[in-house]
Number of protein chains: 4
Amino acid sequence: MKRARTEDAKDERRQILLGAALDEFFLKGFAAARMADIANRANLSKGALYLYFESKEALFEALIQSLAVPRLDQIEQIASSSPSFREAMDRLVVFAPLMIRQTKLPRLMKVIIGDSQSFPNILRQYRDQIVDRLLGAIAMMLSRARDRGEIEIGDPGLMARLVLAPIVLSGLWEAVFANEDETPVDLDTLFRMHADHVIRAIGIEEN
Amino acid sequence: MKRARTEDAKDERRQILLGAALDEFFLKGFAAARMADIANRANLSKGALYLYFESKEALFEALIQSLAVPRLDQIEQIASSSPSFREAMDRLVVFAPLMIRQTKLPRLMKVIIGDSQSFPNILRQYRDQIVDRLLGAIAMMLSRARDRGEIEIGDPGLMARLVLAPIVLSGLWEAVFANEDETPVDLDTLFRMHADHVIRAIGIEEN
Amino acid sequence: MKRARTEDAKDERRQILLGAALDEFFLKGFAAARMADIANRANLSKGALYLYFESKEALFEALIQSLAVPRLDQIEQIASSSPSFREAMDRLVVFAPLMIRQTKLPRLMKVIIGDSQSFPNILRQYRDQIVDRLLGAIAMMLSRARDRGEIEIGDPGLMARLVLAPIVLSGLWEAVFANEDETPVDLDTLFRMHADHVIRAIGIEEN
Amino acid sequence: MKRARTEDAKDERRQILLGAALDEFFLKGFAAARMADIANRANLSKGALYLYFESKEALFEALIQSLAVPRLDQIEQIASSSPSFREAMDRLVVFAPLMIRQTKLPRLMKVIIGDSQSFPNILRQYRDQIVDRLLGAIAMMLSRARDRGEIEIGDPGLMARLVLAPIVLSGLWEAVFANEDETPVDLDTLFRMHADHVIRAIGIEEN
DNA sequence: TATGAATGAGTCTTCATTCAT
DNA sequence: GATGAATGAAGACTCATTCAT
């Protein structure tokens, strides 16, 4: 492999390594994934991998950081900037399939569920920085809609879970069962149905 | 350890080992779990464990078989025997918290998500015997309710996913985040809300 | 298994166990042979085996003692009692195929060659009690034939090796290659040739 | 240990490992030999051994290949290129002691006899590539000598066995009893006697 | 920086031996 | 005496990590 001399070249190599790491962790799980395979997948040697990450665990932590955070912004954006509840739900269910099918988030989710029990600090941090933030954004969106008289709900925190559940679970489904060779779930229709139901269930009819 | 001479005593020991195995697989994941720890947890020696299961993988497979199947009957029971859709939903959301809090299903789910990628045959079998059966039971219940004019829905297969999503995801949540020391999610209220929403969203008003 | 109460019954069981042991040691070698398999082959339990032999090594030692010694008498008999060299050779080459094909000596020989390196005391004892005695008997026979003017030879000890070599090696061949599925070596013809050659080579023509 | 970077250095290390393996297999037998001891004997770590041979069995197979084949050429050379039967025998019995005392063939022979029962494929291959080839070379030599009218024999295949028996058995003797501290067998004299006897037994007197 | 050979701790699995029944 | 469940020491093999080149 050519040498990465500039900072940029090194950052790029880090990204490639993180991608390779996700692939292997997703495929085999943290414990069963081999550093050599990760390096290979990134066209690097084992030794070089250690120039970029000082241990397997450090690589795992960096992976979670790097992939989870970016996408969250877009969701918070949707939740906070939409003019109406209906609009927010519409945008959410349009955005969700992209997130599931085009990003690595589902794979990351699978990895975290499978392996984080062994890394309490990673788990807590993921919980704080990703999960709670996500639930919080949706809950906030729901609160504001309620305040605007658009919907009628109980605890917004619980409601947020009901709103997100089909989306999150579909992502996981995708990650776990995707390679099984059958007709994939029609996420667009599924989430469209979900949005409609939510709106019908908690939306207040305007005459 | 006292010796298990009768077939019954051996079956009991097998059950204890399966429990210990679930605990360790849940805590560490398949690859990182140690056979010695599983044996210890069951107050047995490493060697004795191999009298009951011929390999780590065989133990894993036996675990999934033994724990997943039984509970399913109760859900199929609820889905098929309830006189009305409303009744079925009510029973489902009352039963769900018990299943999540009192059984090992959530832990098993976490283990399967985390480790089955490495065992395609186990994954397929779990998919066929558990997941599809569960989705099928709910879809069937929905179909019949639609035929009875109680609800108005699109594809029952997709609707089944929407019905189950909060329950399944809550189970997973419990498994992944449970030991975090904070106020637990109020599953009874959450599922009650969910059932109400579903009924309001797809139920047909009778005058 | 029924209990062996009398001394005779116990001796018989010991013999059965020794036979089973030879089979397993021959098939797998000392280290790879399993006590459980030996016991099974004798229709006994592992535990019972230890009632008769206190360890694997003790079983091995007993095996060598029990099987090697008896047959030797017959050869010494032939060597010492034959009226003439020619007669002795004739008897030897008639007896040898039986010994190879009908006794367990070849198997024992294979076991000793393969495993005795680890048991110096067994090796030495086998060397002293069996090998040297056998070579000595033949050498003595040769010496006497020389003294009687029947043959003309150099060192009888070396000559004894030349006389025995084809027989011993054929035994080993049988043990090592016997299960290979092809036309077996015609031992009778082979040894007949051997005897003729020896007689022609060292016998003194009587006019 | 210094690192073997070049292909040559690696080949050399492989040779060293094969030597170490033969020593240990010879001493303890295949099953009882420890990979760690083999590695140690070669001044390498356990792990490094597996860089060169992927398993104990692979090491065993490589060992047999590497040591048995080369020496055979010389014997075939002797058998095929000698101008007369007498000359061939002379060369054979001069060469044989060297092969026994200076090469590792006797040790290899002992290992194969002791352990090949467990490796049928190795046994067959050894049989085909070494044993049969060797017997065939001698038989061919005998056939040609007979055709030239130098000797009078029955089946050359059987005669080949008689010719080789003392040599092979002496090799084995060396391997099995060599470390016993006594006057070694005088192989030169023994084989000289053997050659003389054979020539006298089957050679045709020319007037 | 990059490589991959070397290390050795760690884990699954086997099996001689013991001992409760 | 007989059984076979239980034990735990031992050994093959793996792989994260180091480091000479």
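Per chain, numbering begins at 1; letters A, B, ... match sequence-line order. Since we're looking at a predicted model, the values are computed, not measured. Values below: every heavy atom of this structure, side chains too, minus hydrogens, waters and symmetry copies.
- B/Phe26 carries B/Lys110 over the face of its six-membered ring, with the cationic atom under 6.0 Å from the centre and within 45° of the normal.
- Taking side-chain N and O atoms only, A/Tyr52 has a distance below 4.0 Å to OP1 or OP2 of E/dA2.
- Of the candidate nucleotides F/dA5, F/dA16, F/dA2, F/dA2 has the atom nearest to the side chain of C/Arg13.
- Comparing E/dT3, F/dA5, E/dA5 by their closest approach to the side chain of B/Lys10 singles out F/dA5.
- With distances taken from any side-chain atom of B/Ser55 to the nucleotides E/dT7, E/dT13, E/dA16, the minimum falls on E/dT13.
- Heavy-atom distances to DNA chain F give each of C/Ala48 and A/Ala33 a nearest nucleotide, and the one nearer the 5′ end belongs to C/Ala48.
- Remark: A/Lys46 is not in phosphate contact with E/dA5, judged by side-chain N or O atoms under 4.0 Å from OP1 or OP2.
- The pairing partner recorded for E/dC12 is F/dG11, the criterion being a Watson-Crick or G-U wobble arrangement whose two distances lie under 3.5 angstrom.
- Map D/Arg5 and C/Ala36 each onto its nearest nucleotide of DNA chain E; the residue landing nearer the 5' end is D/Arg5.
- We find that B/Arg34 and B/Glu24 are not joined by a salt bridge, their nearest charged nitrogen and carboxylate oxygen being 4.0 Å or further apart.
- When both distances must be under 3.5 Å, the Watson-Crick or G-U wobble mate of F/dT18 is E/dA5.
- Contact check, B/Tyr50 against F/dT7: no side-chain N or O comes under 4.0 Å of OP1 or OP2.
- For the atom pair CG (C/Leu18) and CD1 (C/Ile64), the distance works out to 11.0 Å, reported to the nearest 0.5 Å.
- The base of F/dC19 sits within donor-acceptor range of the side chain of D/Arg3, with an N or O pair under 3.5 Å.
- In the set E/dA6, F/dA16, E/dA16, the nucleotide with an atom closest to the side chain of D/Leu51 is E/dA6.
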Practice problem: Decide side-chain contact (heavy atoms from CB on, under 4.5 Å) for D/Val111 and D/Phe60; before the verdict, give the C-alpha distance in whole Å, the side-chain angles of both, and the deciding distance to 0.1 Å. | Solution: CA-CA 10 Å; D/Val111 168; D/Phe60 187 76; 3.4 Å; yes

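- B/Lys56 has no side-chain polar atom (N or O) that falls below the 4.0 Å cut-off from OP1 or OP2 of E/dT11.
- Nearest-nucleotide assignment on DNA chain E puts the 5′-proximal partner with A/Gly47, out of A/Gly47 and C/Gly47.
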